[in-house]
Novice: 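One structure follows; several queries about it will come next.
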Amino acid sequence: MDKGSLASALGSPAAFGQSQFALTRGNAFEAKVKADGGAELLRLAHEKLDRGAVPPAEAPVHVPDLSAAGPEGRTARTALALREAATGTPGAWTLLDHPMLALDVAGSPAFLEPDAVVVHPDGSWTVVEIKSFPLLDGSADAAKVGAAARQAAVYVLALEQVAARLAPAPRVRHRVLLVCPKDFSNLPTASAVDVRKQRAVTDRQLARLTRIEEITDALPEGVCFSPGLPAEELTASVDAVPAAYAPECLSTCELAFHCRARSREAGAVTSLGRPVRAELGGLSTVEEVLAAARGETGDPDDPAVAALRRAARLRAEALATAGARPGAAAGAGDGEVSACR
């Protein structure tokens, strides 16, 4: 489903995404990297990954046309181009600009579009990621590099599925090429990033995913997520799927604002964060937490209940002390009580 359209239809549109300025700058940098038939990009691939091969400036270079109708057509055209590159001119370099790959995710194909894939003269394949964050003195922000590595690892897995259908199967390299601006200029530079760890983690996660057929079989009859449905019917369909909202969802899921509103309505403690939820044990709602703190419910031997009651006593003592302090009239007393709260 298109979760962005679904969130808008529910009245809780996603408010995150890349800025238009960042998109424009990223597109301009990518066009610079791929100019002149990808000459600079292939030079960087040779320099960082394959110094033993014939330099692209001295070898045949192919940039096949990957245009086709629809994602399925583009995926088939990409697979054909990779097959032709593996069996084509010996010693040639091939650059696939924005190929389309398909990866099986829980029984459903997910279509992926890497920035580029390079086919080396020895027939091996390399994923290329082009990012607009800079490499300063040869290094970049670790969090951004890690995110790029995880993204590239997914492309590597998808490429391996294409390679497995060829005989002999070409080698998919586990060192990807990360291309970024150099220092504070707009000149491209590159770094080879080993994604074996990220690839292994992603592969394990994909293998453990519940298949979509199993999820849909558990849904009530007639559930539909079409954004064109009436709001009441659409909301009921979305509510039929269990969700465990946490604040971290706001940066990764288009439906996070809808789930946050539902979580707050239900008084779920997960809306306060996963660490808080983990500390509260079997107490799943704010009302249960407050009742346990007041001593109305809960097992006194439960560590979470005992901690809540101790916190409630300390708060009551602090408020009583602040209120009984000589001279603690309007201004000072109220300020201290507010600080205690």
Novice: Considering all heavy atoms of both residues, which atom of Pro13 and which atom of Ser8 are nearest to each other, and what is their separation?
Specialist: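 Smallest interatomic distance, heavy atoms only, reads CB-OG, 3.8 Å.
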
Novice: Quick one: are Pro121 and Asp50 in side-chain contact, heavy atoms under 4.5 Å?
Specialist: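 They are in side-chain contact.
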
Novice: With side-chain contact (heavy atoms from CB on, under 4.5 Å) as the test, would you mind laying out the steps for Phe111 and Thr75 before giving the verdict?
Specialist: CA-CA 8 Å; Phe111 295 102; Thr75 300; 3.4 Å; yes

Novice: When rounded to the nearest 0.5 angstrom, what is the spacing between CG in Leu187 and SG in Cys180?
Specialist: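 These two atoms lie 13.0 Å from each other.
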
Novice: Is it true that Leu103 and Ile212 fall in one hydrophobic cluster, defined by side-chain heavy atoms closer than 4.5 Å?
Specialist: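 Cluster IDs for Leu103 and Ile212 differ.
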
Novice: Report the C-alpha separation of Arg309 and Asp302 in whole Å, then their side-chain angles, then the decisive distance to 0.1 Å, and conclude whether the salt bridge (Lys or Arg N to Asp or Glu O under 4.0 Å) test is met.
Specialist: CA-CA 11 Å; Arg309 292 181 181 176; Asp302 185 331; over 6 Å; no

Novice: Any donor-acceptor pair under 3.5 Å linking the side chain of Ser263 with the backbone of Cys259?
Specialist: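 No, the answer is negative, given that no donor and acceptor are paired below the 3.5 Å cut-off.
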
Novice: Does atom CG of Asp137 have more than 12 heavy-atom neighbours, drawn from other residues, nucleotides or ligands, at distances under 6.0 Å?
Specialist: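 No - once you tally the heavy atoms of other residues, nucleotides and ligands closer than 6.0 Å, there are 12 at most.
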
Novice: Assess whether side-chain contact (heavy atoms from CB on, under 4.5 Å) is satisfied between Leu41 and Leu177, documenting all intermediate values.
Specialist: CA-CA 9 Å; Leu41 177 55; Leu177 188 69; 4.0 Å; yes

Novice: Do Val179 and Val127 share a hydrophobic cluster, counting only Ile, Leu, Val, Met, Phe, Trp and Tyr and linking them when any side-chain heavy atoms are less than 4.5 Å apart?
Specialist: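 Shared cluster, no.
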
Novice: Could you tell me which non-hydrogen atom of Pro220 sits nearest to which non-hydrogen atom of Ala240, and how far apart they are?
Specialist: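 Reported closest heavy-atom pair: CD-CB, 4.0 Å.
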
Novice: Anything under 30° is parallel, anything over 60° is perpendicular, the rest tilted; go ahead and classify His120 against Trp93.
Specialist: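 Tilted: the ring planes of His120 and Trp93 meet at 30° to 60°.
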
Novice: Any side-chain heavy-atom pair from Thr126 and Val172 closer than 4.5 angstrom?
Specialist: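 Contact flag for Thr126/Val172 side chains = no.
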
Novice: Determine whether a donor-acceptor pair (N or O, by modelled atom type, separation under 3.5 Å) exists between the side chain of Arg262 and the backbone of Phe257.
Specialist: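 No, the answer is negative, given that no donor and acceptor are paired below the 3.5 Å cut-off.
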
Novice: Are any non-hydrogen side-chain atoms of Phe225 and Asp2 less than 4.5 angstrom apart?
Specialist: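 A side-chain contact is absent here, since even the closest heavy-atom pair is not under 4.5 Å.
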
Novice: Linking I/L/V/M/F/W/Y whenever their side-chain heavy atoms sit closer than 4.5 Å, directly or via other members, would Val128 and Val156 fall into one cluster?
Specialist: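 Different clusters: Val128 never reaches Val156 through Ile, Leu, Val, Met, Phe, Trp or Tyr contacts under 4.5 Å.
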
Novice: Roughly how far, to the nearest 0.5 Å, is CG of Leu95 from CG of Leu42?
Specialist: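 CG of Leu95 is found 5.0 Å from CG of Leu42.
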
Novice: When you measure from the side chain of Thr89 to the backbone of Ala92, do you find a donor-acceptor pair of N or O atoms at a distance under 3.5 Å?
Specialist: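 No, Thr89 side chain to Ala92 backbone: no donor-acceptor pair under 3.5 Å.
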
Novice: Using only heavy-atom distances, determine whether the side chains of His174 and Glu160 contain a donor-acceptor pair under 3.5 Å.
Specialist: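 Yes, Glu160 and His174 have a side-chain donor paired with an acceptor closer than 3.5 Å.
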
Novice: Answer yes when Glu30 and Lys32 have at least one side-chain N-carboxylate O distance shorter than 4.0 Å, and no when they do not.
Specialist: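 Salt bridge: no.
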
Novice: Which heavy atom of Leu96 sits nearest to which heavy atom of Ala81, and what is that distance?
Specialist: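 Of all heavy-atom pairs spanning Leu96 and Ala81, the closest is CD2-CB, 4.3 Å.
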
Novice: Please say yes or no: joined through hydrophobic side-chain contacts below 4.5 Å, possibly via intermediate residues, are Ile130 and Leu49 part of one cluster?
Specialist: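 In one cluster: yes.
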
Novice: Nearest 0.5 angstrom please: Arg165 CZ to Arg83 CZ, how far?
Specialist: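 One gets 8.5 Å once the value is rounded to the nearest 0.5 Å.
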
Novice: Quick one: are Val289 and Val269 in side-chain contact, heavy atoms under 4.5 Å?
Specialist: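 Counting from C-beta outward, Val289 and Val269 do come under 4.5 Å.
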
Novice: Kindly say whether Cys224 contributes a backbone atom to a donor-acceptor pair with the side chain of Ser237 at under 3.5 angstrom?
Specialist: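 Yes, Ser237 side chain to Cys224 backbone: donor-acceptor pair under 3.5 Å.
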
Novice: Going by an N to O cut-off under 4.0 Å, is there a salt bridge joining Lys34 and Asp115?
Specialist: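 Salt bridge: no.
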
Novice: Between Asp141 and Lys131, is there a salt bridge with N-O shorter than 4.0 Å?
Specialist: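 Not counted as a salt bridge, because no side-chain N and carboxylate O are separated by less than 4.0 Å.
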
Novice: Between Thr270 (side chain only) and Tyr245 (backbone N and O only), is there a donor and an acceptor less than 3.5 Å apart?
Specialist: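 Yes; judged by distance alone, with no hydrogens or angles, the pair exists.
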
Novice: NZ of Lys3: more than 12 outside heavy atoms within 6.0 angstrom?
Specialist: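 It does: Lys3 NZ has more than 12 such atoms within range.
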
Novice: What is the minimum heavy-atom distance between Ala59 and Val54, and which atoms define it?
Specialist: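 So the two residues come closest at CB-CG1, 3.8 Å.
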
Novice: Check the pair Arg74, Glu113 against side-chain contact (heavy atoms from CB on, under 4.5 Å), reporting the backbone distance first and the verdict last.
Specialist: CA-CA 10 Å; Arg74 291 183 58 196; Glu113 188 175 1; 3.2 Å; yes

Novice: Considering only heavy atoms from C-beta outward, does the side chain of Leu250 approach that of Arg260 to under 4.5 Å?
Specialist: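 They are in contact (side-chain heavy atoms under 4.5 Å apart), so the answer is yes.
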
Novice: Is there a donor-acceptor contact under 3.5 Å linking the side chains of Ser271 and Arg264?
Specialist: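 Looking only at side-chain atoms, Arg264 and Ser271 do not form any donor-acceptor pair under 3.5 Å.
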
Novice: Please find the pair of heavy atoms, one from Pro181 and one from Phe133, that lie closest to each other, and give the distance.
Specialist: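 Between these two residues, the closest heavy atoms are CD-O, 3.3 Å.
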
Novice: About how many Å separate CG of Leu10 and NE2 of His258, when rounded to the nearest 0.5 Å?
Specialist: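 Interatomic distance, His258 NE2 to Leu10 CG, rounded to 0.5 Å: 5.0 Å.
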
Novice: Measure across Gly123 and Pro170 and return the closest heavy-atom pair with its distance rounded to 0.1 Å.
Specialist: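 Residues Gly123 and Pro170, closest heavy atoms: O-CB, 3.6 Å.
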
Novice: Hey, does the side chain of Thr78 reach the backbone of Met100 with a donor-acceptor pair shorter than 3.5 angstrom?
Specialist: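 Looks like yes, one N/O pair under 3.5 Å.
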
Novice: When you measure from the side chain of Asp183 to the backbone N and O of Ser185, does any donor-acceptor pair fall under 3.5 Å?
Specialist: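 No, because the side chain of Asp183 does not come within donor-acceptor range (under 3.5 Å) of the backbone of Ser185.
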
Novice: What about Leu166 and Tyr155, same hydrophobic cluster or not, with Ile/Leu/Val/Met/Phe/Trp/Tyr joined at side-chain heavy-atom distances under 4.5 Å?
Specialist: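 In one cluster: yes.
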
Novice: Evaluate side-chain contact (heavy atoms from CB on, under 4.5 Å) for Leu66 paired with His98, printing each intermediate quantity in order.
Specialist: CA-CA 8 Å; Leu66 302 179; His98 282 290; over 6 Å; no

Novice: Scan the side chains in residues 203-210 for donor-acceptor partners under 3.5 Å anywhere in the protein, sequence neighbours excluded, and list what turns up.
Specialist:
none

Novice: For Glu40, is there an ion pair with Arg43 - N to carboxylate O distance below 4.0 angstrom?
Specialist: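 Between Glu40 and Arg43 there is a salt bridge, with a charged N closer than 4.0 Å to a carboxylate O.
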
Novice: Looking at Asp194 and Arg199, does any basic side-chain N land under 4.0 Å from a carboxylate oxygen?
Specialist: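 No, no charged N to carboxylate O under 4.0 Å.
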
Novice: If only atom types and distance count, is the side chain of Ser108 paired as donor or acceptor with the main-chain N or O of Val105 below 3.5 Å?
Specialist: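 The answer is no, because no donor-acceptor pair under 3.5 Å joins these two groups.
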
Novice: Measure the CG-OG1 distance between Leu136 and Thr189 for me, rounded to the nearest 0.5 Å.
Specialist: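 Interatomic distance, Leu136 CG to Thr189 OG1, rounded to 0.5 Å: 11.0 Å.
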
Novice: Passes salt bridge (Lys or Arg N to Asp or Glu O under 4.0 Å), Arg171 versus Asp122? Steps please.
Specialist: CA-CA 9 Å; Arg171 177 169 65 97; Asp122 64 359; 3.7 Å; yes

Novice: Determine whether Leu6 and Leu255 make a side-chain contact, defined as any pair of heavy atoms from C-beta on separated by less than 4.5 Å.
Specialist: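 Leu6 vs Leu255: side chains touch.
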
Novice: Do any N or O atoms from the side chain of His46 and from the backbone of Pro56 form a donor-acceptor pair under 3.5 angstrom?
Specialist: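 No: the side chain of His46 does not pair with the backbone of Pro56.
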
Novice: Atom CG of Leu308 and atom CZ of Arg315: how far apart are they, to the nearest 0.5 Å?
Specialist: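 Leu308 CG to Arg315 CZ: 13.0 Å, rounded to 0.5 Å.
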
Novice: Are Leu159 and Leu82 side-chain neighbours, meaning at least one heavy-atom pair lies under 4.5 Å?
Specialist: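 Answer yes - side chains close enough.
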
Novice: Testing Val117, Val195, Val118 one by one against Val176 for a side chain to side chain contact (heavy atoms under 4.5 Å, CB included), which residue passes?
Specialist: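 The side chain to side chain contact (heavy atoms under 4.5 Å, CB included) with Val176 is passed solely by Val195 among Val117, Val195, Val118.
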
Novice: Is Arg294 salt-bridged to Glu287, cutoff N-O under 4.0 Å?
Specialist: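 Answer for the salt bridge query: yes.
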
Novice: Less than 4.5 Å apart, side chain to side chain, heavy atoms only: is that true for Val119 and Ser124?
Specialist: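 No - every pair of side-chain heavy atoms lies 4.5 Å or more apart.
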
